[in-house]
Amino acid sequence: MDKYTALERFFGYKTFRPGQEDLIDSILLGRDTLGIMPTGGGKSICFQIPALCLPGVTIVISPLVSLMKDQVSALLQNGIPAACVNQTMEREAISLTYSAAVRGEYKIIYAAPERLSSRRFLEMCSLLNVSLVCVDEAHCVSQWGHDFRPSYLEIKDFIRSFEKRPVVCAFTATATERVRTDIEKLLELKRPFVSVLGFDRPNLFFEVKKPVNKYSELKRLLDLFSGKSGIIYCATRKKTDELFDLLSLENYNVTRYHAGLSREERRRNQELFASDVRDIVVATNAFGMGIDKSNVSFVIHYNMPGDLESYYQEAGRAGRDGAKAYCILLYSGEDIAVQRYFIDNSNENKELSQTELLNLRRRKLKKLGTMIEYCECKNCLREFMLSYFGERAPVRCENCSSCVGEIRSGDITVEAQKILSCVSRVKEKESAAVVAKILKGERTEHIIKMKYDVLSTFSLLCEKSVAEIEGLIEYLLSVSCLKEDENGFLHLTPKARGILFRSVKIRRKIENPKGNEATDESLFLALQKLRKEIAKKESVPPFTVFTDATLHAMAKSKPQSREELLVVPGVALVKEKKYGAAFLKLIAEKIENGGK
Ligand code: ADP
Ligand code: MG
């Protein structure tokens with residue numbers, strides 16, 4: 001199979017992203033390859049496509065169980081035979097996987113580095129025709145990286161153990177010279193083709209704010225993003241817990257993550273976030289590597305991190321699927337004191353000499369200085385970061401708060417009150433479609449029969465189209481102001497009562513001028529809901545059904561046939577077979593009762 005067929009058939013994309021093709025070609029030509037690409041750049045496809053094109057099996061070494069599981073589940077969703085082996089599996093399950101592998105049932109096998117010292121794993125490998133070994137998150141091999149894993153040092157022996165040396169490729173988002181040379185050396189790459197890709201992430205909007213009251217600013221932002229998935233980073237565990245408690249009390253759909261929690265709770269909370277059961281995770285920087293969740297729409301830093309490298313990496317966890325996403329840093333003078341405290345009280349590197357320690361401290365303070373400059377920067381924020389990372393950038397990006405101002409939002413309190421009181425007037429016994437028609441002022445048979453046309457809420461939103469009103473209702477459902485029962489009837493929630501009786505305000509985000517063209521938001525929300533239902537039924541992470549970027553594209557192009565659906569980026573053959581009918585049906589229904 002050639003790479004274009006693989007891209008289209010198994011991933012549903014028509015074109016490669018910049019850099020992907022060179023890396024794939026190099027691997028296919030049998031050359032060791034090192035790919036350095038920003039988070040979300042699309043590294044996985046660079047080794048998964050060669051794995052599909054090459055004969056035999058590809059072994060992928062990946063540091064974290066959760067990463068591994070998500071990737072394998074995404075591959076299976078696309079009809080690619082893959083499996084993983086890791087320490088959380090029962091012995092028996094591992095044995096079964098080994099025998100299936102030997103029978104030739106998999107093209108791709110993910111393994112944790114610890115496996116490499118298992119005799120049985122090595123035995124299995126010797127029975128397979130391994131044509132490619134891929135080391136994902138390859139910076140883990142370097143002590144200069146931020147996630148050093150000693151077991152990564154064993155990879156080179158693993159590679160040596162093959163009678164016929166497979167091609168070796170390695171991928172990471174860490175670009176520093178030191179880490180790069182470490183990877184080449186410690187993995188024993190042979191004359192590798194190395195590709196370092198641009199660090200710009202055009203779909204991310206950057207904003208810095210110095211609010212008087214951080215907490216109320218945070219809530220304002222969360223309301224803008226309601227229904228979307230996001231991460232809030234705090235500098236300390238204590239702050240993380242505090243914020244988590246406050247937000248939980250106010251009924252935000254949050255979970256939390258930091259190194260002080262038990263292993264079990266961390267695993268559980270991460271799962272809740274990955275599966276979209278919780279929209280928001282409040283976390284320290286311990287949260288990150290293990291998440292491959294592609295539909296994170298915002299990353300808010302409640303505290304300033306210690307350096308720009310960390311900031312860019314953490315913020316970069318937003319928008320991995322290429323959809324528009326927001327990175328906002330809330331900054332205060334106090335943050336500087338906290339970071340200084342960290343620098344003066346870090347007890348790492350015990351083996352360093354006094355001079356080395358002093359040098360280290362000086363470097364850290366310098367980095368902190370740059371971070372503060374970023375927070376105070378009045379010019380283009382993207383330009384500031386990219387030039388810091390040694391890249392040229394235009395003077396204005398038109399996609400950050402310095403260039404275009406802060407994210408704007410619309411107050412929809414009045415519209416929401418009209419809709420909610422209409423729901424209450426019909427005694428919570430009607431569907432969204434009927435409520436929308438009443439508010440529009442349509443006199444259908446049902447509406448006349450039920451005497452809804454004499455209600456005070458009749459035709460209260462006559463200036464809007466039925467589709468627009470339905471969009472608003474969909475939005476209120478997505479932010480839990482309304483809920484639907486099994487008959488499809490709308491009901492008020494406690495949040496709705498706040499808006500109706502306690503003059504709580506509700507805002508809805510208006511896309512930034514440079515946002516993804518106005519896609520049909522209400523259709524998108526409906527598609528998202530369907531995705532969640534399917535994912536729950538099949539116990540897979542929602543983003544492995546379709547990514548947000550794919551749902552946005554669907555909402556925009558409104559495909560009405562299988563052929564049209566297959567053209568949408570991210571809709572591959574197998575997924576179309578599995579889910580196509582349900583999504584087409586929903587789109588058809590939406591078009592029917594609302595026009596385009
Ligand atoms: P990385 O490992 O570099 O952080 P991933 O491999 O997880 O990034 O890819 C991030 C997202 O980009 C995924 O949702 C993936 O489906 C998408 N993607 C990758 N390649 C392409 C492409 N050629 N066209 C469109 N989307 C792509
Ligand atoms: Mg990756």
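We count ligands from 1, going down the list as the structure has it; atoms in each ligand are counted the same way.
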Find all protein N or O atoms under 3.5 angstrom from an N or O atom of ligand 1 and list the pairs with distances, or write 'none'.
{"unit_1": "ligand 1", "atom_1": "3 (O)", "unit_2": "Gly41", "atom_2": "N", "d": "3.4"}
{"unit_1": "ligand 1", "atom_1": "3 (O)", "unit_2": "Gly42", "atom_2": "N", "d": "3.1"}
{"unit_1": "ligand 1", "atom_1": "3 (O)", "unit_2": "Lys43", "atom_2": "N", "d": "2.9"}
{"unit_1": "ligand 1", "atom_1": "3 (O)", "unit_2": "Lys43", "atom_2": "NZ", "d": "2.8"}
{"unit_1": "ligand 1", "atom_1": "4 (O)", "unit_2": "Gly40", "atom_2": "N", "d": "2.6"}
{"unit_1": "ligand 1", "atom_1": "4 (O)", "unit_2": "Arg320", "atom_2": "NH2", "d": "2.6"}
{"unit_1": "ligand 1", "atom_1": "6 (O)", "unit_2": "Lys43", "atom_2": "N", "d": "3.3"}
{"unit_1": "ligand 1", "atom_1": "6 (O)", "unit_2": "Ser44", "atom_2": "N", "d": "3.0"}
{"unit_1": "ligand 1", "atom_1": "6 (O)", "unit_2": "Ser44", "atom_2": "OG", "d": "2.6"}
{"unit_1": "ligand 1", "atom_1": "8 (O)", "unit_2": "Gly42", "atom_2": "N", "d": "3.3"}
{"unit_1": "ligand 1", "atom_1": "12 (O)", "unit_2": "Arg17", "atom_2": "NH1", "d": "3.2"}
{"unit_1": "ligand 1", "atom_1": "12 (O)", "unit_2": "Arg17", "atom_2": "NH2", "d": "3.2"}
{"unit_1": "ligand 1", "atom_1": "16 (O)", "unit_2": "Tyr13", "atom_2": "OH", "d": "2.7"}
{"unit_1": "ligand 1", "atom_1": "20 (N)", "unit_2": "Gln20", "atom_2": "NE2", "d": "3.0"}
{"unit_1": "ligand 1", "atom_1": "23 (N)", "unit_2": "Thr15", "atom_2": "O", "d": "3.0"}
{"unit_1": "ligand 1", "atom_1": "23 (N)", "unit_2": "Gln20", "atom_2": "OE1", "d": "3.1"}
{"unit_1": "ligand 1", "atom_1": "26 (N)", "unit_2": "Arg17", "atom_2": "NH2", "d": "3.2"}

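- Annotation: side chain of Val404 is not in contact with side chain of Asn399 (no heavy-atom distance under 4.5 Å).
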| query | Taking it one step at a time, do Cys134 and Ile61 satisfy side-chain contact (heavy atoms from CB on, under 4.5 Å)? | reply | CA-CA 6 Å; Cys134 169; Ile61 298 156; over 6 Å; no
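- Contact annotation: the side chain of Phe121 never approaches that of Ile94 to less than 4.5 Å [non-hydrogen atoms, C-beta and beyond].
- Sorted by first then second residue, the side-chain hydrogen bond (donor to acceptor under 3.5 Å, both in side chains) pairs that include residues 40-52, not counting sequence neighbours, are Gln48-Tyr110.
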| Check against side chain to side chain donor-acceptor pair (under 3.5 Å), Asp307 and Ser310 | CA-CA 6 Å; Asp307 56 66; Ser310 309; 2.8 Å; yes
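- For the pair Lys293 and Phe273, the cation-pi test (distance below 6.0 Å, angle within 45°) is passed.
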